[in-house]
Amino acid sequence: MRYGFGCDHAGFEFKTELLEELVSAGHDVVDMGADSAERTDFPIYANKVAEAVSEGRLDRGVLVCGTGLGMALAAGRFPDVRAVTVGDCFSARMSRRHNDANVLCLGARVIGAGSAVEILRAWMAEDFEGGRYAERLNMMKGGYKGVHR
Ligand code: RB5
(Lines give C-alpha, C1' and ligand atoms only; values in the text may rest on other atoms or scores of the structure.)
Protein backbone atom coordinates (compact mmCIF):
# COMPACT_ATOMS: atom_id res chain seq x y z
CA MET A 1 0.00 0.00 0.00
CA ARG A 2 0.96 3.64 -0.41
CA TYR A 3 1.26 5.35 2.95
CA GLY A 4 1.82 9.00 3.75
CA PHE A 5 3.55 10.00 6.96
CA GLY A 6 3.39 13.36 8.69
CA CYS A 7 4.33 14.73 12.08
CA ASP A 8 4.86 18.04 13.82
CA HIS A 9 7.67 18.87 16.26
CA ALA A 10 5.96 16.95 19.07
CA GLY A 11 5.60 13.82 16.94
CA PHE A 12 9.04 14.00 15.38
CA GLU A 13 10.67 11.72 17.95
CA PHE A 14 8.49 8.81 16.77
CA LYS A 15 9.19 9.37 13.11
CA THR A 16 12.16 7.06 12.46
CA GLU A 17 10.65 4.07 14.23
CA LEU A 18 7.25 4.43 12.59
CA LEU A 19 8.74 4.88 9.12
CA GLU A 20 10.87 1.78 9.65
CA GLU A 21 7.81 -0.16 10.74
CA LEU A 22 5.84 0.89 7.65
CA VAL A 23 8.68 0.01 5.31
CA SER A 24 9.40 -3.34 6.95
CA ALA A 25 5.71 -4.19 6.58
CA GLY A 26 6.24 -3.81 2.82
CA HIS A 27 4.54 -0.48 2.21
CA ASP A 28 5.63 2.40 0.01
CA VAL A 29 5.96 5.44 2.24
CA VAL A 30 5.94 9.11 1.33
CA ASP A 31 7.48 11.21 4.09
CA MET A 32 5.67 14.56 4.14
CA GLY A 33 7.62 16.06 7.06
CA ALA A 34 8.31 17.60 9.45
CA ASP A 35 12.03 17.13 9.13
CA SER A 36 13.11 18.26 12.58
CA ALA A 37 11.87 18.87 16.10
CA GLU A 38 11.80 22.62 15.49
CA ARG A 39 8.43 24.13 16.36
CA THR A 40 5.95 24.00 13.52
CA ASP A 41 2.18 23.69 12.93
CA PHE A 42 0.43 20.31 12.75
CA PRO A 43 -2.20 21.28 10.11
CA ILE A 44 0.55 21.65 7.48
CA TYR A 45 1.30 17.93 7.65
CA ALA A 46 -2.25 16.76 8.31
CA ASN A 47 -3.41 18.68 5.24
CA LYS A 48 -0.68 17.24 3.00
CA VAL A 49 -1.31 13.63 4.01
CA ALA A 50 -5.10 13.89 4.12
CA GLU A 51 -5.32 15.65 0.77
CA ALA A 52 -3.29 12.88 -0.86
CA VAL A 53 -5.49 10.19 0.73
CA SER A 54 -8.65 12.08 -0.20
CA GLU A 55 -7.53 12.38 -3.82
CA GLY A 56 -6.48 8.72 -4.02
CA ARG A 57 -2.78 9.46 -4.48
CA LEU A 58 -2.14 7.57 -1.25
CA ASP A 59 -4.08 4.71 0.33
CA ARG A 60 -3.51 5.55 3.98
CA GLY A 61 -1.82 7.97 6.31
CA VAL A 62 -0.08 8.03 9.66
CA LEU A 63 0.09 11.33 11.53
CA VAL A 64 1.80 12.08 14.84
CA CYS A 65 1.49 15.20 16.98
CA GLY A 66 1.54 15.74 20.74
CA THR A 67 -1.90 14.28 21.39
CA GLY A 68 -2.99 12.94 18.00
CA LEU A 69 -6.07 15.13 18.37
CA GLY A 70 -5.25 18.12 16.20
CA MET A 71 -4.01 15.86 13.42
CA ALA A 72 -7.30 13.90 13.40
CA LEU A 73 -9.40 17.05 13.44
CA ALA A 74 -7.47 18.55 10.55
CA ALA A 75 -7.27 15.38 8.45
CA GLY A 76 -10.92 14.48 8.98
CA ARG A 77 -12.07 17.60 7.14
CA PHE A 78 -11.07 16.08 3.80
CA PRO A 79 -13.64 14.04 1.83
CA ASP A 80 -13.38 10.30 2.33
CA VAL A 81 -10.71 10.65 4.99
CA ARG A 82 -11.55 8.71 8.13
CA ALA A 83 -8.96 9.82 10.66
CA VAL A 84 -8.86 8.38 14.15
CA THR A 85 -6.81 9.15 17.23
CA VAL A 86 -5.82 5.89 18.83
CA GLY A 87 -3.99 5.11 22.07
CA ASP A 88 -4.48 1.36 22.39
CA CYS A 89 -4.31 -1.75 20.20
CA PHE A 90 -7.97 -2.74 20.62
CA SER A 91 -9.17 0.63 19.31
CA ALA A 92 -6.62 0.44 16.52
CA ARG A 93 -7.98 -2.92 15.37
CA MET A 94 -11.61 -1.86 15.66
CA SER A 95 -11.01 1.38 13.81
CA ARG A 96 -9.98 -0.69 10.82
CA ARG A 97 -12.58 -3.47 11.13
CA HIS A 98 -15.65 -1.33 11.89
CA ASN A 99 -14.74 2.22 10.82
CA ASP A 100 -12.44 1.58 7.86
CA ALA A 101 -10.11 4.23 9.24
CA ASN A 102 -7.61 5.29 6.61
CA VAL A 103 -5.57 7.76 8.65
CA LEU A 104 -4.07 6.77 12.00
CA CYS A 105 -3.24 9.60 14.40
CA LEU A 106 -0.96 9.06 17.38
CA GLY A 107 -0.06 11.26 20.34
CA ALA A 108 3.64 11.26 21.14
CA ARG A 109 3.00 12.98 24.48
CA VAL A 110 0.38 10.40 25.41
CA ILE A 111 1.91 7.04 24.52
CA GLY A 112 5.46 5.72 24.31
CA ALA A 113 7.26 4.92 21.07
CA GLY A 114 6.96 1.18 21.76
CA SER A 115 3.19 1.46 22.11
CA ALA A 116 3.01 3.56 18.97
CA VAL A 117 4.76 0.84 16.97
CA GLU A 118 2.48 -1.88 18.43
CA ILE A 119 -0.61 0.21 17.67
CA LEU A 120 0.54 0.82 14.11
CA ARG A 121 1.20 -2.90 13.66
CA ALA A 122 -2.26 -3.78 14.96
CA TRP A 123 -3.87 -1.15 12.74
CA MET A 124 -2.07 -2.25 9.58
CA ALA A 125 -3.00 -5.89 10.12
CA GLU A 126 -6.79 -5.51 10.09
CA ASP A 127 -9.28 -5.33 7.24
CA PHE A 128 -12.60 -3.55 7.05
CA GLU A 129 -15.53 -5.92 7.64
CA GLY A 130 -17.94 -4.10 5.32
CA GLY A 131 -21.64 -5.09 5.55
CA ARG A 132 -23.52 -3.13 8.18
CA TYR A 133 -20.36 -1.19 8.96
CA ALA A 134 -20.23 0.03 5.36
CA GLU A 135 -23.88 1.08 5.61
CA ARG A 136 -23.05 3.12 8.69
CA LEU A 137 -20.19 4.82 6.91
CA ASN A 138 -22.56 5.66 4.06
CA MET A 139 -24.92 7.25 6.58
CA MET A 140 -22.19 9.78 7.37
CA LYS A 141 -21.76 10.90 3.77
CA GLY A 142 -23.11 14.23 2.54
CA GLY A 143 -23.39 15.85 5.93
CA TYR A 144 -25.87 15.16 8.70
CA LYS A 145 -29.14 16.14 7.04
CA GLY A 146 -31.66 13.49 6.08
CA VAL A 147 -29.91 10.61 7.72
CA HIS A 148 -32.03 10.32 10.89
CA ARG A 149 -33.96 7.10 11.15
C1 RB5 B 1 1.87 21.20 19.83
O2 RB5 B 1 2.26 21.83 21.00
C3 RB5 B 1 0.58 20.42 20.04
O4 RB5 B 1 -0.48 21.29 20.26
C5 RB5 B 1 0.32 19.51 18.88
O6 RB5 B 1 1.39 18.64 18.73
C7 RB5 B 1 -0.90 18.62 18.98
O8 RB5 B 1 -0.95 17.94 20.18
C9 RB5 B 1 -2.18 19.25 18.65
O10 RB5 B 1 -3.26 18.63 18.69
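One-based numbering, in listed order, for ligands and for the atoms of each.
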What do the steps show when you test Leu137 against Arg82 for side chain to side chain contact (heavy atoms under 4.5 Å, CB included), and what is the final call?
CA-CA 10 Å; Leu137 289 184; Arg82 294 172 297 280; 3.9 Å; yes
Side-chain donor-acceptor contacts of residues 73-80 below 3.5 Å, not counting sequence neighbours, with atom names and distances?
none

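In this structure, ligand 1 sits under 4.0 Å from heavy atoms belonging to Asp8, His9, Ala10, Phe42, Cys65, Gly66, Thr67, Gly70, Arg109.
In this pair, His98 and Tyr133 present their aromatic rings parallel. The plane angle is below 30°, not in the 30 to 60° band.
Remark: Glu118 engages Arg121 in a salt bridge, criterion side-chain N to carboxylate O under 4.0 Å.
Taking 4.5 Å as the limit, some side-chain heavy atom of Asn102 sits within range of a side-chain heavy atom of Val81.
One distance of note links CD1 of Ile119 with CZ of Arg93; it measures 10.0 Å at 0.5 Å rounding.
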